[in-house]
Amino acid sequence: MKKILSLLAIGAAIFATSCGSSDITVDGLVGTVKEVENGNTLVLNNGLTVHLIGLNEASAFNEQYLKGNVLNKKIELKPDSRRKKDHEIKSYKTDVWAYAKLKSNKEPINRKLLAMGGEKSFSKKFLKDSLDAYNKIIHPEPGSKKPLSDNELSALLKASSMLVEGYEPGEGGFIGTAFFINENGLAISNSHVVHRGAEYQVRLSDVDGNLSETPYKIKTICYAGDHNNTNEDFAIFYVDLDDDTKAKQKYLTVAKDKVVSGDKAATVGNPSPNNRDILPMRYSTGTISSLHPDMDRLGINVPIQGGFSGGALVNQYGEVVGISSSGWKGSDANLNYAMDIQTVRKKLDELNLPYSGK
């Protein structure tokens, strides 16, 4: 009997040892994302919790993009070379820090979000062997920028924009679009949308173009040009945001370089935010069709209509090159105009305002 018990004990020890040695290799591990917890955390169908290296967990932009583009998709993992404990794990019921790419097209998720989200998407936590490379994504060297896809431009534009709802005695209510250019609520629109003397509230947008139910007030109008003069049809103002909203809010970079005819251009606008048949914050794309040397306007063949006024016109890198303004009156053709952002830059600098791209 003692011999049988001894043999059983030895067998159990061998079994336990063999079970303990069957570690799970994380490098190359594939799983389906069943849940997005925050701006950098994914839960896979096998139970594994994955924290995406280099990404900020508090970024609402990251979280919205992951839910829209990674949820229910297969991803492949790559742990950091210097975090050895993430290379082999005992169980799927654990947490790892890793880089990830979509299995379908090999697209690197961490890098893509950093390229779109910028500084607020960035976190140095557990970022070791790729820190220099990631810093270059956040602060790219001249000539090293990579064009964004339409999906990326749409998400970036929508997350940085807002619906403007105004009311002026004698004129009634009107709507337009505006966009943020720094982390503290500094924003730009047309002056025929935002001008002194009217009452305003704005509703912020997420990456999908859904508008917030909570309205925000315009705190200070720093400048509002004569909207009857096409060369002055822009306004610069601050939106009154609380600290939590500021920490999450995405904003755009003002371009330093002038555009040329034929450059890609994209914008978003609110043609009819209260009509359920027409989704708010619609994305529209085209090209710069002409330049007007004697006017601060860009000719564009980007389709826009009422409600798009004041929206950011961006280039293929997501940088603001203009403000979507108007169409050609009396024409059914796609003959539209945008205010050249270079004119706005001069005023921003004159007022000594802090903006992204200064």
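Because only heavy atoms are used, hydrogens play no part in the values below, and waters and symmetry mates are left out as well, while side chains stay in. Residue numbers run from 1 in the order of the sequence given.
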Self-check item: Residue pair Asp233, Ser191: steps toward the side-chain hydrogen bond (donor to acceptor under 3.5 Å, both in side chains) verdict
Solution: CA-CA 5 Å; Asp233 190 13; Ser191 61; 3.0 Å; yes
Quiz item: Should Phe308 and Asn336 be marked as a side chain to side chain contact (heavy atoms under 4.5 Å, CB included) after you check the CA-CA gap, both sets of side-chain angles, and the distance that decides it?
Solution: CA-CA 11 Å; Phe308 274 79; Asn336 302 317; over 6 Å; no
Practice problem: Give the C-alpha distance, both sets of side-chain angles, the deciding distance and a yes or no for side-chain hydrogen bond (donor to acceptor under 3.5 Å, both in side chains) between Thr343 and Asp340. | Solution: CA-CA 6 Å; Thr343 302; Asp340 192 339; 5.4 Å; no
Practice problem: Please report the C-alpha distance between Ser325 and Asn190 in whole Å, then the side-chain angles of each, then the deciding distance to 0.1 Å, and finally whether the side-chain hydrogen bond (donor to acceptor under 3.5 Å, both in side chains) criterion is met. | Solution: CA-CA 7 Å; Ser325 299; Asn190 286 135; 3.1 Å; yes
Self-check item: Steps toward salt bridge (Lys or Arg N to Asp or Glu O under 4.0 Å) verdict (Lys120, Glu183)
Solution: CA-CA 9 Å; Lys120 287 191 176 182; Glu183 69 277 13; over 6 Å; no
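Nearest heavy-atom pair, Ser205 versus Leu211, reported as atom, atom and distance to 0.1 Å: CB-CD2, 4.0 Å. Counting all heavy atoms, side chain and backbone alike, Glu152 lies closest to Lys112 at OE2-CE, 2.6 Å. Among all heavy-atom pairs drawn from Leu313 and Ala265, the shortest one is CD1-CB, 3.8 Å.
Within 6.0 Å of NZ on Lys248 lie no more than 12 heavy atoms contributed by other residues, nucleotides or ligands. Atom CZ of Arg111 has 12 or fewer heavy atoms from other residues, nucleotides or ligands within 6.0 Å. Counting heavy-atom neighbours within 6.0 Å of Lys256 NZ, excluding the residue itself, gives a total of 12 or less.
Ile175 and Leu204 fall into different hydrophobic clusters, defined by Ile, Leu, Val, Met, Phe, Trp and Tyr side-chain heavy atoms under 4.5 Å apart, directly or through other members.
By the side-chain contact (heavy atoms from CB on, under 4.5 Å) test, Lys78 pairs with Asp27, Tyr99, sequence neighbours left out. In this structure Lys347 satisfies the side-chain contact (heavy atoms from CB on, under 4.5 Å) test together with Tyr223, Phe234, Ile236, Glu350, Leu351, sequence neighbours excluded. With sequence neighbours excluded, the residues satisfying side-chain contact (heavy atoms from CB on, under 4.5 Å) with Asp349 are Tyr355, Lys358.
Looking at Asp23 and Lys90, a side-chain N of the basic residue comes within less than 4.0 Å of a carboxylate O on the acidic one, giving a salt bridge.
Contact annotation: the side chain of Asp86 never approaches that of Leu77 to less than 4.5 Å [non-hydrogen atoms, C-beta and beyond]. Side-chain contact check for Val36 versus Glu63: some heavy-atom pair is nearer than 4.5 Å.
Using cut-offs of 30° and 60° on the angle between ring planes, the pair His227 and His195 is tilted.
Under the 3.5 Å distance criterion, the side-chain polar atoms of Lys250 are matched with a main-chain donor or acceptor of Gly117.
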